[in-house]
Each structure stands twice: as structure tokens, then as C-alpha cells.
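Written out below as C-alpha cells is the structure these notes cover.
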Amino acid sequence: MDVSIRNVRKEFDRFPALRDVSLDIRSGELIALLGPSGSGKTTLLRLIAGLERPTEGAVFFGDEDASHKSVQERNVGFVFQHYALFRYMTVADNIGFGLKVRPGATRPPSAEIRRRASELLDLVQLSGLEKRYPNQLSGGQRQRVALARALAIEPKVLLLDEPFGALDAQVRRELRRWLREIHDTTGHTTVFVTHDQEEALELADRVVVMSQGRIEQVGTADEVYDTPNSPFVYGFIGESSSLPVRVEGGQLWLQDRTLGLTAEDVPDGDATLYFRPHDVELITDGCGGCIAGTVAASRRVAGTRRVELEIGGDRHRVEIELPIEHPAAQKNRVAFRPRRWRVFSESGAVGGPVASNGRVHHEELARTGT
Ligand SMILES: Nc1ncnc2c1ncn2[C@@H]1O[C@H](COP(=O)(O)OP(=O)(O)O)[C@@H](O)[C@H]1O
Ligand SMILES: [Mg+2]
């Protein structure tokens, strides 16, 4: 089922939790809504579900305006972080619940409900646990049952709000992989809310990055990681270093030094350069145009060394990443140039060697020498 969110605004007591949000979710897609706490993820999910009505705008299911349809009419399945199972019901009864409460004509016979429950338990890899009660299950097992319960009604859309949020890291990672497999088996249209970037990038076909009630960027994991379209996305996804710069005639300057980076479409004026600490090229033989700094600190991070450089006296600090034994980390002064980078001007213009569609402009790379 395609779901289309069209210019939706949602206010709570005039506080805008969502501001003009539009998003097209394709049938069979697994979409992650990713953003910090309070960015509007749950509100957007509840609007898709029919638990909230938009203040403005509409939610379409296929060609149909579903904005005023009930949760039941929309036939969506849910899993929430703390959507507790019914404590006094067995696992099988929990899973069958959504079918059992259907009105007469649409309710399957009880033998059929039992059969479906046991089929779904196979799918979520909990066969044999039909007769257990929720308090006899681990947290991870409970969320699997919750997912089976959501799937039992054969939902048009499956909605998951931080379903693994309360579980420990190891279990989360396992369930994440497992959810992807289930999704590929069942082919449901799935919307998954998380504030964990690793979870979103690993799991989703497309990631929707949200901040303050707006969508900042929509793209594949590669697109949002490699070509963030705003300082917010640069900072929120992955690690980033930034440096205030000046654009003059399409050249980037830091104080009186040119950086050897070209951004022709960006107007003259103040801007901020962003790059990934691991995506830099060290420059050893003289630096006509580059970023040079003094090593202020250095620490080991897993298999690499993080070096903190002071640039322009002690005015700015940036981090770059070097192989663990790299001799440059021992030096006092290190010069480098970011390989992939973007510059955001105060007027909102964006420049850099990576085009917004995710492809690299080769002429531009050649010109900047990156
Ligand atoms: N029922 C509500 N009444 C008032 N404010 C709400 C309500 N639900 C959400 N909000 C506010 O809307 C904003 C977005 O909330 P939410 O969608 O829950 O964000 P997220 O899920 O990204 O953490 C927050 O500022 C929150 O306080
Ligand atoms: Mg939430």
C-alpha cells in the first residue's frame, strides 16, 4: 500500500509538532523516521495510523484520502516500545486477539485463528511458546510476539515506534537483522521510528531525517550519509567536523589562507565547511591550499586514532582520523584536505564536490585536486 503524506501540519494547543510535512512511502518499502527526541516522529506515525488527525493537509492510502478514517478502517498494525502484551493472555491468545475481536462476519473461526497464531510464531521464530504468558518471556521475545500480533490482522501498513528501544544493544542488533528478514519475507509497507542512526541506516530502504517538526532529508542510507543536505543532517548522522570559512569568488578561505577547495555556486560571504573526520587526505609536501593545524590532542577510537587539531592559533578545533600507527599523529603540525565535503553559506546555498543526487562531479574533483 502506497502512503502519501501531503502538506501535513499538526498542532497540539497551537504548538506545531509537525510543520508542512510531505512524504511518499512506496508500497513494500521499509522507511525509517530518524530524528532526535521531540522532532515529531511519533506524531507522524500516529497520523499515518489514524490515532491523530492532521490540523492541515491529508494522509492518502493509495488513491484514497484516509485523513478521516479510523484506525480500524485503515487496517494498520502497530508495535510500540512499551506496548505491553495482555498479561493474562497466553502468547497464542495475544497474537490472535486482533482477529478474535473482529465483528461477526469478518471474524475467522477459532481453529483458523489458532492456525494463524502458530504460523506467525514460526515466522517470528518462537514456535512452541504458544502457551506461555508474557512474564515467562524475555524482552526480545515479547517484542517478537508484539510483532506477530501486529501482523496477525494482515495490516496494509506496519508501524513500529522504537520497538527495540528498551532492549540491550546486543538483542537490538539481532532483532534489527531479523526484522529486515521478516520484512523481506512478508513485503509489508513498514514505517519504523528510531532515534538510533545505526539502526536506521542498517535497516531501512530509505531514511527520513526529521528535526523540529520538519523533514530535513529523505534518502537511502548512502545518500543521507554521503551527501547530507543541511548542517543538521551532517551533525546528526555520522561524525562530522566543521570549520567556519569565507567564500570569495568560489574559493574557500580560512583567515588569510586558501583551502584549495572550490565551491562555484556559493555566493561570497561567511559559510561553514563540513567533512567527515575519516574522509581526509594528508598533505606532506608543502601546502599551497589546505587546512593546517597543530595537534592538540590525540586518542584511540577502536581501530583508528582521532587527532584533534587547532586551526588558526587556538580559534578552531577539528578532528581527523588516522590509521592507528600513522606517523602524522606524532607530529606537531598536520596538513590535510577533506576528500568529500560540503559548504553551507549563511544564505542557505550549498556547495561541494558531491552533487545533491549523490553522484560525484568529476570535473569538480579534478579542479579541486581531491
Ligand atoms: N498529545 C500531545 N500534546 C501536546 N504536545 C504533544 C503531544 N504529542 C506530542 N507533543 C509534542 O510534539 C512534539 C513532537 O513529539 P513527538 O512526535 O512525540 O516526537 P518524537 O517521537 O520525535 O520524540 C514534542 O514537542 C511533544 O512534546
Ligand atoms: Mg517518539
Side-chain angles (χ1 to χ4, degrees), residues 3-25 29-59 66-71 74 76-85 139 142-143 146-147 149-150 155 157-169 171-172 175-176 179 189-204 206-219 221 224 228-238:
V3 178
S4 170
I5 294 133
R6 304 189 184 167
N7 303 103
V8 163
R9 179 179 180 85
K10 176 64 185 176
E11 292 178 3
F12 294 107
D13 305 324
R14 305 184 65 196
F15 171 82
L18 293 176
R19 312 159 194 245
D20 196 17
V21 165
S22 294
L23 175 66
D24 286 318
I25 300 168
E29 195 173 29
L30 202 172
I31 284 263
L33 306 181
L34 173 68
S37 174
S39 55
K41 307 180 295 292
T42 295
T43 303
L44 182 52
L45 203 73
R46 289 172 60 84
L47 275 155
I48 297 172
L51 290 164
E52 301 284 358
R53 301 266 177 274
T55 308
E56 283 168 30
V59 176
S67 309
H68 297 283
K69 292 200 164 175
S70 70
V71 179
R74 293 186 199 194
V76 294
F78 286 108
V79 181
F80 295 120
Q81 182 175 335
H82 296 293
Y83 194 22
L85 299 172
R142 270 183 231 156
Q143 286 307 68
L147 185 70
R149 181 172 64 180
V157 181
L158 185 60
L159 303 172
L160 307 145
D161 194 351
E162 314 224 12
F164 311 142
L167 307 172
D168 64 50
V171 177
R172 279 177 85 114
L175 287 189
R176 197 187 293 167
L179 178 67
T189 306
T190 305
V191 185
F192 183 97
V193 165
T194 181
H195 64 267
D196 178 341
Q197 45 157 309
E198 198 183 301
E199 197 159 88
L201 296 184
E202 186 178 324
L203 194 62
R206 287 192 301 157
V207 178
V208 176
V209 186
M210 297 184 64
S211 162
Q212 298 185 359
R214 290 182 213 280
I215 293 179
E216 287 272 333
Q217 187 165 6
V218 182
V224 296
N229 66 2
S230 69
F232 174 82
V233 178
Y234 239 116
F236 190 70
I237 296 184

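Ligands are counted one by one from 1 in listed order, and the atoms in each one are counted from 1 as well. In what follows, every heavy atom counts, from backbone to side chain, and hydrogens, waters and symmetry copies are set aside.
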Considering non-hydrogen atoms only, spot the tightest contact between [X] and [Y] and give its length.
X: Ala200; Y: Val207; answer: O-CG2, 3.8 Å
X: Phe236; Y: Gly35; answer: CZ-C, 3.6 Å
X: Ser211; Y: Ser39; answer: CA-CB, 3.8 Å

Any N or O of [X] that comes nearer than 3.5 Å to an N or O of ligand 1?
X: Gly38; result: yes
X: Ala17; result: no
X: Thr42; result: yes

### Query
Taking 2.8 Å as the cut-off, does an N/O/S atom of Thr42 lie below it from the Mg ion (ligand 2)?
yes
Do [X] and [Y] sit within salt-bridge range, that is, some charged N less than 4.0 Å from a carboxylate O?
X: Glu216; Y: Arg214; answer: no
X: Arg46; Y: Asp161; answer: no
X: Glu198; Y: Arg176; answer: yes

Taking [atom] as the reference point, the nearest protein heavy atom with its distance:
atom: atom 19 (O) of ligand 1; result: Gly40 N, 3.2 Å
atom: atom 6 (C) of ligand 1; result: Phe12 CD1, 3.3 Å
atom: atom 15 (O) of ligand 1; result: Thr43 OG1, 3.8 Å
atom: atom 11 (C) of ligand 1; result: Phe15 CE2, 4.0 Å
atom: atom 22 (O) of ligand 1; result: Lys41 NZ, 2.8 Å

#### Entry: Non-hydrogen protein atom less than 4.0 angstrom from atom 27 (O) of ligand 1
no
### Query
For Gly35, is the nearest heavy atom under 4.0 Å from an atom of ligand 1?
no
### Query
Strictly under 4.0 Å, does any heavy atom of Pro36 approach an atom of ligand 1?
yes
### Query
Between Phe232 and Tyr234, does the ring centre distance come in under 6.0 Å?
no
### Task
Examine the side chains of Thr194 and Glu199 and answer whether a donor and an acceptor come within less than 3.5 Å of each other.
yes
